[in-house]
Amino acid sequence: MKILMILDHEFPPDIRVENEIEALTEKGHEVHVACYTRKGLPEKEIVSEAIIHRKPISTFIYKSSVAALKFPFYFNFWKSFLNKLSKTEKFDAIHVHDLPMAKVGYEFAKKHSIPLTLDLHENWPALLRVATHTQSFIGKILSTNKQWVAYELDYCKKADNIIVVVEEAKERLISLGIEAKKIHVVSNTLNFKHFEVPQTTPDPDYFTLLYAGGINKHRGLQYVISGLKNLQNLSKPVRLWILGDGSYLENLKQLANEKNLIDMVDFKGWKNYSDMQKYFGMSDACLIPHVKNNHTDSTIPHKLFQYMYAGKPTIASNCAPIERIVNETGSGVIYEFANPKDFALKTSDLLSNPKKISEIVENGKMAVKEKYNWGLDSKILLSIY
């Protein structure tokens, strides 16, 4: 089949999209990706075996996306883009990544009489309820959550297939009245082809905690840093490495300084995927400290399975899918989100129990090898096509 994917951000990179492209092209499908560019990238090129079509987007149109359900500018940009593309390419199916492009994808699918797959990486309405840009006075006017909730329900009903990343997301959609038979769970599991088990090892003089990923208020790192105060004077010094960048970085630096913890926290900055894997090896345990809410209770980060296969215990907050998988596999410990003392307690218990760490390491590796890997999830994706 000739499949058109719609992606409303720069591409590459995107681990999930790249994994899906690889699975589909290896089975003989031809994949095209329509995305915008703000970086002046080529309007057409081949990336990861897919044909990428890009359209430059102005700052005004880009920023108007927040008000897409009220004003037509953003959707009109995409309609014009896809209409032009359809004059030279004929597609057998359309695959829309994330909720915002559902309307554009559905209208294109209907016009060309092709099936629509809606690939929901996130619980989008819940994400917008905690996003910084929608919390301002103007943001609340331009992007009302009530509209997004109705929009999600409407286009989930219209889609031929829906992909979600965890069972909790599937259950949520079923509770809204979406047919269970058209919802497929294709998780953010590990693709062995693109992950090298790190050869680097931890410094035995420290107990090193690692966080890798985006940095905003809802990642929960402020509670981890606050908890470090209760991890002093242990059998070996604890240190925290933070890999990544984001809107909350300066707040975290200020917090570490105010609590006189700057010697325990090292902000390493953004690292590429290859370098990040080396840091996995140099850590003793890895963190997923996300704030628990309706968004984090219905999604799963790639990093959980990366940590597990790298042989690192996961110390995570009690977001529903993460807690379920960590407890089921015995691959880490769970603490109550937004509770620095509980974080410190669970971390110190882990530090003082090398036997438990060894068991966790083996449990995590085995779980990824047997269940939580892209080789299995890709088969579910392929079954749709």
Side-chain angles (χ1 to χ4, degrees), residues 1-9 11-35 44-54 78 81-82 85-86 88-122 124 152 155-167 169-170 173-174 178-194 299-300 302 305 371-385:
M1 296 181 74
K2 191 172 181 178
I3 303 164
L4 173 62
M5 288 187 170
I6 303 181
L7 190 63
D8 73 332
H9 59 71
F11 180 79
D14 187 312
I15 292 175
R16 180 175 179 82
V17 176
E18 290 166 30
N19 282 341
E20 290 187 357
I21 289 170
E22 181 180 81
L24 290 166
T25 55
E26 284 183 352
K27 285 296 181 181
H29 298 292
E30 182 179 322
V31 179
H32 293 244
V33 176
C35 60
K44 187 174 182 179
E45 68 172 334
I46 296 177
V47 176
S48 301
E49 302 300 319
I51 301 168
I52 313 301
H53 305 269
R54 299 188 182 94
W78 278 97
F81 182 10
L82 298 184
L85 184 58
S86 68
T88 58
E89 305 284 354
K90 181 175 174 57
F91 300 102
D92 302 306
I94 186 164
H95 187 117
V96 174
H97 288 281
D98 268 325
L99 184 63
M101 289 291 94
K103 174 183 171 67
V104 174
Y106 172 72
E107 291 176 356
F108 187 89
K110 189 175 180 181
K111 179 179 179 180
H112 297 279
S113 300
I114 59 176
L116 166 66
T117 295
L118 185 54
D119 195 337
L120 301 177
H121 303 192
E122 316 272 2
W124 198 263
E152 179 188 51
Y155 286 100
C156 280
K157 287 182 176 179
K158 290 175 176 175
D160 296 286
N161 291 285
I162 301 168
I163 294 175
V164 294
V165 298
V166 281
E167 290 293 340
K170 180 176 181 176
L173 292 182
I174 292 172
I178 307 302
E179 293 178 79
K181 65 181 181 181
K182 71 176 185 179
I183 306 172
H184 311 266
V185 179
V186 179
S187 198
N188 289 326
T189 47
L190 187 74
N191 187 335
F192 296 129
K193 297 178 185 177
H194 306 295
T299 190
I300 198 77
H302 291 277
F305 307 110
K371 182 176 181 180
Y372 292 105
N373 63 76
W374 181 246
L376 297 176
D377 277 287
S378 64
K379 292 178 181 178
I380 301 170
L381 171 68
L382 292 170
S383 71
I384 296 171
Y385 290 103

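For K2, the side-chain hydrogen bond (donor to acceptor under 3.5 Å, both in side chains) partners two or more places apart in sequence, or in a different chain, are E89. Under the side-chain hydrogen bond (donor to acceptor under 3.5 Å, both in side chains) criterion, K157 pairs with no residue at all, not counting sequence neighbours.
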Going through the distances and angles, do V165 and R16 end up as a side chain to side chain contact (heavy atoms under 4.5 Å, CB included)? CA-CA 10 Å; V165 298; R16 180 175 179 82; 3.6 Å; yes
Would you check, one step at a time, whether the test side chain to side chain contact (heavy atoms under 4.5 Å, CB included) holds for L4 with I114? CA-CA 11 Å; L4 173 62; I114 59 176; over 6 Å; no
Evaluate E22 against N191 for side chain to side chain donor-acceptor pair (under 3.5 Å), listing each step before the verdict. CA-CA 10 Å; E22 181 180 81; N191 187 335; 2.9 Å; yes
Evaluate L99 against L120 for side chain to side chain contact (heavy atoms under 4.5 Å, CB included), listing each step before the verdict. CA-CA 6 Å; L99 184 63; L120 301 177; 4.1 Å; yes
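Side-chain atoms of E18 and V47, non-hydrogen and from C-beta on, never get closer than 4.5 Å to each other. L24 is listed as a side-chain neighbour of M5, based on a closest heavy-atom distance under 4.5 Å. H95 has its side chain within reach of Y385: a pair of non-hydrogen atoms, C-beta onward, lies under 4.5 Å apart. Side-chain contact between E30 and I51 is present, with heavy atoms from C-beta onward closer than 4.5 Å. Taking the side chain as every heavy atom from C-beta outward, V31 and E20 never approach each other to under 4.5 Å.
Looking at R54, its side chain does come within 3.5 Å of a backbone N or O of F11 through a donor-acceptor pair. Side-chain atoms of D98 never come within 3.5 Å of backbone atoms of P100 as a donor-acceptor pair (strictly under, hydrogens ignored). Judged by distance alone, the side chain of D377 and the main-chain N or O of S187 form a donor-acceptor pair under 3.5 Å. Put simply, the side chain of D160 gets close to the backbone of L116: a donor and an acceptor are under 3.5 Å apart.
Annotation: the span from N19 atom CG to K193 atom NZ amounts to 9.0 Å, rounded to 0.5 Å. Atom CG of L118 is separated from atom CG of L173 by 9.0 Å, given to the nearest 0.5 angstrom. In this structure, OG1 on T117 lies 10.5 Å from NZ on K182, to the nearest 0.5 angstrom. Taken to the nearest 0.5 Å, the CD1 atom of I21 stands 5.0 Å off from the CD1 atom of I52. Once rounded to the nearest 0.5 Å, the distance linking NE2 of H29 with CG of L381 reads 8.5 Å. The NE2 atom of H184 sits 11.0 Å away from atom CG of D119, with the distance rounded to the nearest 0.5 Å.
Environment of CD in E49: sparse, with no more than 12 heavy atoms of neighbouring residues, nucleotides or ligands closer than 6.0 Å.
Relative ring orientation between Y372 and F305 is described as parallel, the plane-to-plane angle staying below 30° on a 0-90° scale split at 30° and 60°. Classified by interplanar angle (parallel below 30°, tilted 30° to 60°, perpendicular above 60°), the ring pair H121/H97 is perpendicular.
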Pairs of donor and acceptor atoms involving the side chains of residues 101-108, under 3.5 Å and at least two apart or interchain, shall be tabulated with distances.
from, atom 1, to, atom 2, distance (Å)
K103, NZ, E107, OE2, 3.0
E107, OE1, K79, NZ, 3.3

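Of all the heavy atoms in I162 and A159, the pair that sits closest is CG1-CB, 4.2 Å. In plain terms, the two heavy atoms of I94 and A109 that are nearest each other are CG2-CB, 3.7 Å.
Partner of V186 under the side chain to side chain contact (heavy atoms under 4.5 Å, CB included) criterion, out of L376, I163, V164, V166: I163 alone.
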